[in-house]
Amino acid sequence: MTVSEPSIRATRWPAVRPWLGVAARLGLAAVWLVAGASKVDDLAASGRAVHAYQLLPYDVATVVGAALPFVELALGVLLLLGLATRLAAGVSAALLVVFIAGITSAWSRGLAIDCGCFGSGGQLAEGQAPSYLPEILRDLGFLALAGFLLIWPRTPVSVDGWLTGDVPVEGEDE
Amino acid sequence: MSSRKGQKGAARVVREQLARERRRKRTLWVSAAAVIVLVIAGLIGWSVYSSQRAGEFTAPPGANEAGTGIVLGEGPVTIDLYEDYLCPACKQFQQVSGDTINQLVSEGKVRVVFHPVAYLNRFSTTDYSTRSSAASGCAAEGGRFREYTDALFERQPPEGGDGLSNDALIDIGVGVGLARDDFGSCVRDGKYQPWTEHVTEEASKANITGTPTVLVDGKPVADRSPEGIRAAVEAAGR
């Protein structure tokens, strides 16, 4: 890349952006850590939650269900540390897109399942309405956090910053 | 760019380029390491899950051929019941429609296959779903599966707590006429836990995503009221 001229200079943006980045990073880290921790103690149930979407064959669904909580925890730790932030944000965004697609597909097929995003999952009890829209909106919110970090991965108090050894400067590494 | 004449400027550009190159390399390595971390995390999950699977199981006496449930009665129509002993909707279903099903069994109209699945382990701190299901296998061994199932639903603990202890499970069994010694050691040893896992896994494979699920001759019954079940059985028997 050549020098990217910071053309639009909103008055406070350069000062605020790094700290918005930290908030996005830690927020997304919390999301993954909570999501992973809520599933990690019952991997069989996590596999059943994946299988409930009826998109994958049973054996594949159980493998995905078993691997996913650990991947989520690892993403959470990477973001918490601020290590390989752009990559972690990219993987997060990809996962969230897959989740949103899965929920949308379950919705459009008329399945009545819990998304299993934060534990539980599977078919809903009698009289319980699925809450697909809030689930999708929530995931879109998380996607926005990931998008922010994808565009501006450099945040203060991060291992990335420590490794590169200089303060994040506007227009750097982008 | 800094197209000023003079070597100083040129040297600076070179320095900057080198620094940028170094940073780029470092970022690449860090990213590669992070990818490896994520892959390893996934593999850990897979291997933990694989090691948790019991594999070999023994089905209790009275189980169907596939070992996925306990058979009650004989009849031309098959009713499959998928229930978790911790599931409140299952308790309700048993209270409302249990008698009707027992009646259909004693009239010789249906063969019931009861699948005690452990779907709700995360709703108790002690894996109550698995323990109670395995205990029902022990009750089948003692020839009291139906009585024990009814008693378990009657004494159902609330979701989110620590369920019933093994001792309480044993006391309930003794209450329905099971021998304390045999039944007690069977429950304590978790003799049928691998079977419970098999029952649960097969149910999940069969796309049973929730409890209770009622199938009449393989078809899901939406109306689980006594009338609904009778109607479905009659329709299937025709």
Side-chain angles (χ1 to χ4, degrees), chain A residues 1-3 36 38-49 51-54 57-59 61-75 77-78 83-88 90-91 111-114 119-127 153 159-160 163-166 172-173, chain B residues 1-2 16 19-20 22-24 26-53 87-90 92-93 117-123 125 127 129-130 197 200-213 222 224:
Chain A
M1 287 281 137
T2 50
V3 181
S38 70
K39 285 182 274 228
V40 83
D41 59 347
D42 195 348
L43 296 177
S46 176
R48 284 197 297 277
H51 186 62
Y53 283 86
Q54 298 177 23
Y58 181 77
D59 291 317
T62 55
V63 172
V64 171
L68 192 59
F70 287 84
V71 173
E72 289 178 341
L73 287 175
L75 276 176
V77 171
L78 287 178
L83 183 61
T85 305
R86 178 170 272 169
L87 178 106
V91 175
L111 299 180
I113 60 173
D114 181 291
S120 62
Q123 192 107 0
L124 291 164
E126 197 77 347
V159 176
D160 281 338
L163 277 177
T164 329
D166 50 20
E172 185 103 1
D173 263 4
Chain B
M1 286 289 249
S2 52
E16 269 174 7
R20 200 170 298 141
R22 261 204 311 279
R23 265 204 304 280
R24 207 184 57 82
R26 205 172 297 162
T27 308
L28 208 67
W29 281 112
V30 169
S31 301
V35 168
I36 292 170
V37 165
L38 292 176
V39 170
I40 288 176
L43 290 175
I44 289 175
W46 186 12
S47 66
V48 167
Y49 174 66
S50 315
S51 70
Q52 278 172 355
R53 297 173 76 166
C87 134
C90 301
Q92 204 189 344
F93 166 71
V117 294
Y119 274 9
L120 304 176
N121 269 330
R122 70 172 98 217
F123 291 114
T125 53
D127 287 349
S129 295
T130 292
E197 203 174 295
T200 307
E201 204 173 300
E202 290 301 317
S204 181
K205 263 186 212 172
N207 281 331
I208 308 298
T209 49
T211 54
T213 294
R224 294 193 293 260

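Throughout, protein chains are lettered first and strands after them, A, B, ... in sequence-line order, and every chain is numbered starting at 1. For the numbers below, each heavy atom of this structure counts, side chains included, while hydrogens, waters and symmetry mates do not. This structure is a prediction, so every number in the text was calculated from the model and none was measured.
For A:Ala44, the parts lying under 4.5 angstrom from a heavy atom of chain B are both the backbone and the side chain. In this structure, the portions of B:Val35 lying under 4.5 Å from any heavy atom of chain A include both its backbone and its side chain. Contacts between A:Val159 and chain B at a heavy-atom distance below 4.5 Å are absent for every atom of the residue. In this structure, the portions of A:Leu43 lying under 4.5 Å from any heavy atom of chain B include both its backbone and its side chain. Within the 4.5 angstrom heavy-atom criterion, atoms from both the backbone and the side chain of B:Glu201 approach chain A. Proximity to chain B involves both the backbone and the side chain of A:Phe70, based on heavy atoms less than 4.5 angstrom apart.
Across B:Ala34, B:Ser204, B:Pro212, B:Ala19, the residue that shares the most heavy-atom pairs under 4.5 angstrom with chain A is B:Ser204. By number of non-hydrogen pairs under 4.5 angstrom with chain B, the leading residue of A:Asp59, A:Val91, A:Leu73, A:Val63 is A:Val63. In terms of heavy-atom pairs under 4.5 Å with chain B, the best-connected choice from A:Pro57, A:Ala66, A:Gly47 is A:Ala66.
Considering only residues two or more places apart in sequence or on other chains, B:Asn121 meets the side chain to side chain donor-acceptor pair (under 3.5 Å) condition with B:Thr130. A:Thr62 pairs by the side chain to side chain donor-acceptor pair (under 3.5 Å) definition with nothing, not counting sequence neighbours.
Here A:Asp42 contributes atom CG and B:Tyr49 contributes atom OH; the two are 10.0 Å apart, rounded to the nearest 0.5 Å. Here the OG1-CG distance, from B:Thr125 to A:Asp41, works out to 11.0 Å after rounding to the nearest 0.5 Å.
Residues A:Ala67 and B:Gly42 come closest through the heavy atom pair CB-O, 3.5 Å.
Although no hydrogens or angles enter the test, the distance criterion places a donor-acceptor pair under 3.5 Å between the side chain of B:Arg122 and the main chain of A:Ser38.
Within a 6.0 Å sphere centred on CD of B:Gln92, other residues, nucleotides and ligands contribute 12 heavy atoms or fewer.
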Side chain to side chain contact (heavy atoms under 4.5 Å, CB included) between B:Thr209 and A:Leu111, intermediate numbers included: CA-CA 11 Å; B:Thr209 49; A:Leu111 299 180; over 6 Å; no
